[in-house]
J.: 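Sharing a structure with you now.
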Amino acid sequence: MAHTRPELSAPPPLPKGGLRIVALGGLGEIGRNMTVFEHRGKLLVVDCGVLFPEEHQPGVDVILPDFSWIEDRLGDIAAIVLTHGHEDHIGGVPYLLRGRPDIPVVGSRLTLALITAKLKEHRIRPRTLEVAEGRRKTFGPFDCEFVAVNHSIPDGLAVAIRTSAGMVLHTGDFKMDQFPLDDRITDLRAFARLGEEGVDLFLVDSTNSEVPGFTTSERELTPAIETVFRTAPRRVIVSSFASHVHRIQQVLDAAQQHGRKVAFVGRSMVRNMGIASDLGYLNVPPGLVVDMKDLEGLPAHKVALVCTGSQGEPMAALSRMANRDHPIRIGEGDTILLASSLIPGNENAIYRVINGLTRWGANVVHKGNAKVHVSGHASAGELVYCYNIVRPRNVMPVHGEWRHLRANADLAIRTGVDPKRVVIAEDGVVVDLVDGLTTITGKVRAGYVYVDGMNVGGVTEASLKDRRTLAQEGTVTVVALVDADTGKLTEPPDFLARGFSHDTAVFDAVVPLIETALAKAAREGITDHHQLEQIIVRTVSKWAFKTYRRNPLIIPVVIDA
Ligand SMILES: [Zn+2]
């Protein structure tokens, strides 16, 4: 297996006629999926998503792929192909289009509707090109064919990219539900046909590669959802991803069957379900869905609400209901249905919400106590089928953390792919397909780019370290008036502390230490403010640690007296 070596540096020029593949996100992480293909001087981007921050990244809204490798080459991008409408595949598009708004954005009908709505919020009107399964379309030197795949959002596409260097098949996110709600199954006949023609490189979704067997069908959730709607004594409040059209279809069907009216709650839920029903992806019987205010006169057992917040996001409707910070007051007899996954890292937040709702008397049904969720990704059994059907010459697992990529690589090898032709790359690793063989040839920058409010890229690892220190240790500001000529203190320094101690008297003990340190500096002729500030930081840090075993963020301010 070809592995990423840590000593990789900038790649040599791509041999003429070769195909270069660089993932700027999605390898070694779940999220911000983005793969860039380079061929004959042109670039093709497949997906451009965001990653959601974890608790150790406070204040960060989303994390983008690092575009710096292609920043100077935006003019060479022939198109952005979007495999489906999930945030981790489309969320970064507005930021890429800021650099060049007229890059053609290619995707299926639903995917384009979702990205267009998102771009409208960023005041960008994209140049879109709608494609569907079976269509073939050329963008510069990239001849793309689109293949239907089944996933946890409708209208997903895999893309086969034919170039003079060979053919790449990229699955996007997919699973192989044989009985999906829209009867649109992953087109294995097309996979087989492309395999017959010869797939030189197969990029395969790794998310569930560690899960043995097969992902169960979405339809198998029907009994559990139906039971909730049949037996709930009062309101039913469903929380799900705002993009999971088929899950919400199941909820609407159950509501219709049991005579409940439904209202959508939350901006993204209302917007996405509007788009999905306008385009015919969501079938809404007339009169079933009403406005929130129209539910008021109805008895509680005739009411259902569908909202976001299934991951415990603090600002989403469900968390706010749990905190009694929402017009919908949860009470005895209400039933909450969390029809969603439990994304690793969100567990604490979700259980906090479940506990909050339970405390107000609600009955919470979730994947831990009922069969109300199935994954959107192919398990190991399905992946093995794909390898055997496609018989690829080279394989590169995508979309997953290291353990997922590794498990997926092992599956490929078990089906007979030559281990030397299985590449495990991480973000930024350069893979070249030349003469039918893939090799790792270098590495480009692919770090995290943090979005915080309107600020893109301004927040660095150092600022996050400061934020963590502020949160955990507090801050101490030291204001020192010094004589400009001698560097000596003209009066005792002032202290301003937050999250450290409310009693400023504690700092009396450090004053003599600062005086001594600055006097020593004065004797050595140090008058430079920056140097004096560093002396104050060192002195106060040492004191705080020795005395209190604390490491507050020290902010020194040296002013000429
Ligand atoms: Zn997805």
Side-chain angles (χ1 to χ4, degrees), residues 23-35 45-52 62-65 80-93 105-115 117-118 133 146-159 169-177 180-182 184-187 203-211 215 217-218 240-249 268-269 272 275-276 281 308 310-311 339-346 373-379 382-383 386 397-401 404-405 408:
L24 293 180
L27 301 190
E29 63 198 351
I30 304 264
R32 64 166 198 159
N33 300 291
M34 177 173 185
T35 314
V45 176
V46 174
D47 292 329
C48 182
V50 293
L51 174 70
F52 293 99
V62 292
I63 304 167
L64 296 176
I80 305 171
V81 170
L82 301 176
T83 58
H84 64 285
H86 278 152
E87 281 298 307
D88 57 338
H89 291 256
I90 68 170
V93 172
V105 179
V106 182
S108 66
R109 205 150 70 100
L110 181 63
T111 307
L112 288 185
L114 293 172
I115 187 62
K118 171 180 285 298
E133 52 268 35
F146 300 92
V147 179
V149 289
N150 163 245
H151 183 37
S152 46
I153 185 170
D155 228 5
L157 293 171
V159 57
L169 177 57
H170 190 320
T171 64
D173 280 353
F174 84 113
K175 61 175 172 175
M176 282 161 45
D177 190 342
L181 262 72
D182 58 2
R184 183 177 176 273
I185 57 174
T186 292
D187 189 356
L203 305 185
V204 186
D205 177 9
S206 310
T207 312
N208 269 0
S209 59
E210 287 187 312
V211 180
T215 303
S217 175
E218 179 71 26
S240 176
F241 287 120
S243 58
H244 207 322
V245 177
H246 289 163
R247 190 70 46 82
I248 290 160
Q249 183 71 61
S268 57
M269 186 61 83
N272 286 2
I275 291 171
Y281 293 94
T308 52
S310 62
Q311 296 306 307
S340 58
S341 62
L342 206 165
I343 293 176
N346 297 345
H373 175 70
V374 292
S375 168
H377 300 270
S379 301
E382 291 148 88
L383 296 174
C386 284
V398 294
H399 306 171
E401 296 171 6
H404 306 121
L405 301 176
N408 199 359

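Residues take their numbers from the sequence shown, with the count starting at 1. Numbering of ligands and ligand atoms starts at 1, following listing order. Keep in mind that this is a model prediction, so the values were computed, not measured.
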J.: Need the atom name: nearest N/O/S atom of H86 to the Zn ion (ligand 1).
T.: ND1

J.: Is the Zn ion (ligand 1) less than 2.8 Å from at least one N/O/S atom of D173?
T.: yes

J.: Output, in order, the C-alpha distance, side-chain angles, deciding distance and verdict of ring pair (Phe, Tyr, Trp, His ring centres under 6.0 Å) for H89 and H399.
T.: CA-CA 10 Å; H89 291 256; H399 306 171; 5.1 Å; yes

J.: Rounded to 10°, how many degrees is the angle NE2/H84-the Zn ion (ligand 1)-NE2/H151?
T.: 100°

J.: Distance only, no hydrogens: is a donor on one side chain within 3.5 Å (strictly under) of an acceptor on the other, for S206 and S209?
T.: no

J.: Among side-chain atoms of T186 and N150, is any donor-acceptor pair under 3.5 angstrom?
T.: no

J.: Looking only at side-chain N and O atoms, does D205 offer a donor or acceptor that is under 3.5 Å from a partner on T171?
T.: no

